[in-house]
Every structure is written in C-alpha cells, then in structure tokens.
Amino acid sequence: MLDWAFVSRYAPFFVTGAEMTLFISVFGIALAILTGLVCAAIETARIPVLRQIVRVYIEVSRNTPLLVQLYFLYFGLPKLGFVWSAEMCAIIGLGFLGGSYMSEAMRAGLEAVPQIQRENAYMLGLSSRQTMLHVVIPQAINTSIPGVVANVIFLIKESSVVSAIALADVMYMAKDLIGMYYTTYEALFLLIVTYLIILLPISIIGTWLERRFDYAKR
C-alpha cells in the first residue's frame, strides 16, 4: 500500500520539479523547431555544402545519446573555455537532439507536396515566396503535424536525463526522495502522475490538431 501521507507531503516538490522540466522543455523544443525548420529548408532547397553539413549534424545528433551530449556540454566545453549554466546546457542539448528529429519530420512534409502544385502556382503568377507561404507550407503542415507532436512528447520525456547535471527536475526529485527515505513506490507514483499531467494534454491537443488539419485537407 502507498503511504498517502507521504505522497501528500512531498507532492509540492514534484510541482517544483515540473516547473523546471517545463522550463527546459519549452525553450529546448523551441530551439529544436527553429533548428529543424532551417535544416529542412536547406535540405529541400538542396543547397551545396550546407546540405552535407546538415546531414552530418543529423547523423551525429540522432546516433549519440542525449546524456553524452549533456556531459560534453556541461563537463567538456569548460575545458575549452566555454562555461554554461546547467539550464543552458540542458536547453541546448534538447535543441541539438530535437532539431535533427524535427528536421526529418518537416522535410518529409515539404517533400510530400507534389511538384505539380508548385508548377501550377508559378503558372498563376505567384512568386517563389508566395508559393512557399500559401501553397507548400500549408500542405506540408498537414503531413508534419503528427511527427512534430510525437517529437515534442519525445523531447519532454528525454528531459528526464538532465538530472545527471544536477538540475532539479521531476526525475531528480524522485531519485532524491528514494535516496533519502527509500520510498520507491511513492516516489515513482508521484513521478508517473507528474509526467501524465504534463504529457496527456499535449497528446490530446496533438490528436485534435491532426484531425483538424486532416479534415481541412478533405
């Protein structure tokens, strides 16, 4: 049986941890989306040299664990003279990892738009910029939404490793309580409930957006 008195007493600690998790996740995801947009645009436009650089970045980012990236940012960069706060390292780490996944989702959306759509837009007198804004991007969003939402949820869950660089997120709170009081079940219960409170609304909103854009496409 769970010790409900303990759960009630330490629930506020997880509220504080959730604030740190959300802070890091919001800025990290924003950086990931921005990075993904730039990388997807470079790949779609097939810009020489830059395209190869983007491909190397994507392979390095997707094939190294976030924990290793965080250790490099937090412990490795100071050896080179770059000292960042733990929060900044966590945000950059999430942005670096998430940018590669966002890039692939957005690139797939852009490339899913048939070439004939662009050609028809040019024939109607639209410029390249107008074609991208009014023809390509609206259709690409329909395809990209599921992947982007899945990546948002993935990055929030991945943020659990930032406790390794002494950031007091929800995972840090759970490990701290287990270490001090050996209340494994209570701490894990609070951890699961906190993540559900954070992630379920995002999942529901993502499903709603996917259905709305799918309906608008018909």
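This chain uses plain numbering: 1 for the first residue, then up along the sequence. Everything quoted here is computed from the prediction, not taken from an experiment.
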Ile58 side chain near Glu43 side chain, heavy-atom distance below 4.5 Å: yes

Please report the shortest heavy-atom distance between Met171 and Ser163, naming the atom on each side. CG-OG, 3.9 Å

If you take all heavy atoms of Ala108 and Thr143, which pair is closest and at what distance? O-CG2, 4.4 Å

Between the side chain of Glu111 and the main-chain N/O of Thr44, is any donor-acceptor distance below 3.5 Å? no

Neighbour count >12 (heavy atoms, 6.0 Å) for atom CG, Leu124: yes

Same cluster for Val38 and Ile33 if Ile/Leu/Val/Met/Phe/Trp/Tyr side chains link at under 4.5 Å? no

Starting at CZ of Phe72, measure out to CG of Leu80 and round the result to the nearest 0.5 Å. 6.0 Å

Is there a side-chain contact between Val136 and Gln117 (heavy atoms, below 4.5 Å)? no

Heavy atoms of Ala174 and Ala187 approach each other most closely as O-CB, 3.8 Å

Within the side chain of Ser160, is there an N or O that forms a donor-acceptor pair under 3.5 Å with the backbone of Lys157? yes

Check the pair Met102, Val152 against side-chain contact (heavy atoms from CB on, under 4.5 Å), reporting the backbone distance first and the verdict last. CA-CA 9 Å; Met102 292 292 183; Val152 167; 3.9 Å; yes

Which value, rounded to the nearest 0.5 Å, describes the distance between Phe189 atom CZ and Asp3 atom CG? 12.0 Å

If you compare all heavy atoms of Leu31 against all heavy atoms of Ile91, which two are closest, and at what distance to 0.1 Å? CD2-O, 3.9 Å

Just verifying a value: how many Å separate Trp208 CH2 and Ile204 CD1, rounded to the nearest 0.5 Å? 13.0 Å

With ring centroids as reference points, do Phe23 and Phe27 lie under 6.0 angstrom apart? yes

May I ask whether Met20 and Leu70 are part of the same hydrophobic cluster, defined by side-chain heavy atoms of I, L, V, M, F, W, Y residues being less than 4.5 angstrom apart, directly or through others? yes

Could you check whether atom CE of Met180 has more than 12 heavy atoms from other residues, nucleotides or ligands sitting under 6.0 Å from it? yes

Test your reading of the model: is there a side-chain donor-acceptor pair from Gln52 to the backbone of Val49, 3.5 Å cut-off? yes

Can you confirm whether more than 12 heavy atoms, excluding those of Lys175, are under 6.0 Å from its NZ atom? yes

Is there a side-chain contact (heavy atoms from CB on, under 4.5 Å) between Val135 and Tyr122 once you walk through the steps? CA-CA 11 Å; Val135 177; Tyr122 295 145; over 6 Å; no

Within 6.0 angstrom of Phe6 CZ, more than 12 heavy atoms from elsewhere: yes

Within a strict 4.5 Å, meaning less than it, do heavy atoms of the Val162 and Tyr74 side chains meet? no

Is it possible for you to say whether Leu67 and Tyr101 belong to one hydrophobic cluster, with membership spreading through side-chain heavy-atom contacts below 4.5 Å? yes

Note, Ile24 side chain near Asp169 side chain (heavy atom, < 4.5 Å): no

Same cluster for Leu199 and Val149 if Ile/Leu/Val/Met/Phe/Trp/Tyr side chains link at under 4.5 Å? yes

Atom pair CD1/OH of Ile42 and Tyr57 - distance to nearest 0.5 Å: 11.0 Å

Enter the distance from Thr194:OG1 to Phe13:CZ here, rounded to the nearest 0.5 Å. 13.0 Å

If I compare all heavy atoms of Leu126 with all of Gln130, which pair ends up nearest, and what's the gap? CA-OE1, 3.5 Å

Count I, L, V, M, F, W, Y as connected when their side-chain heavy atoms are under 4.5 Å apart, and connections chain through other members. Are Tyr71 and Val68 then in the same cluster? no

Once you round to the nearest 0.5 Å, how far does CG of Asn142 lie from CG of Leu209? 11.0 Å

Within a radius of less than 6.0 Å around OH of Tyr185, do more than 12 heavy atoms belonging to other residues, nucleotides or ligands occur? no

Sole residue of Leu94, Ile202, Val26 in side-chain contact (heavy atoms from CB on, under 4.5 Å) with Ile156: Ile202

Nearest heavy-atom pair of Arg62 and Ser100: which atoms, and what distance? CG-OG, 3.2 Å

Do Tyr172 and Leu167 touch side chain to side chain, with heavy atoms closer than 4.5 Å? no

Thr207 (side chain) donor-acceptor with Ser203 (main chain) under 3.5 angstrom: yes

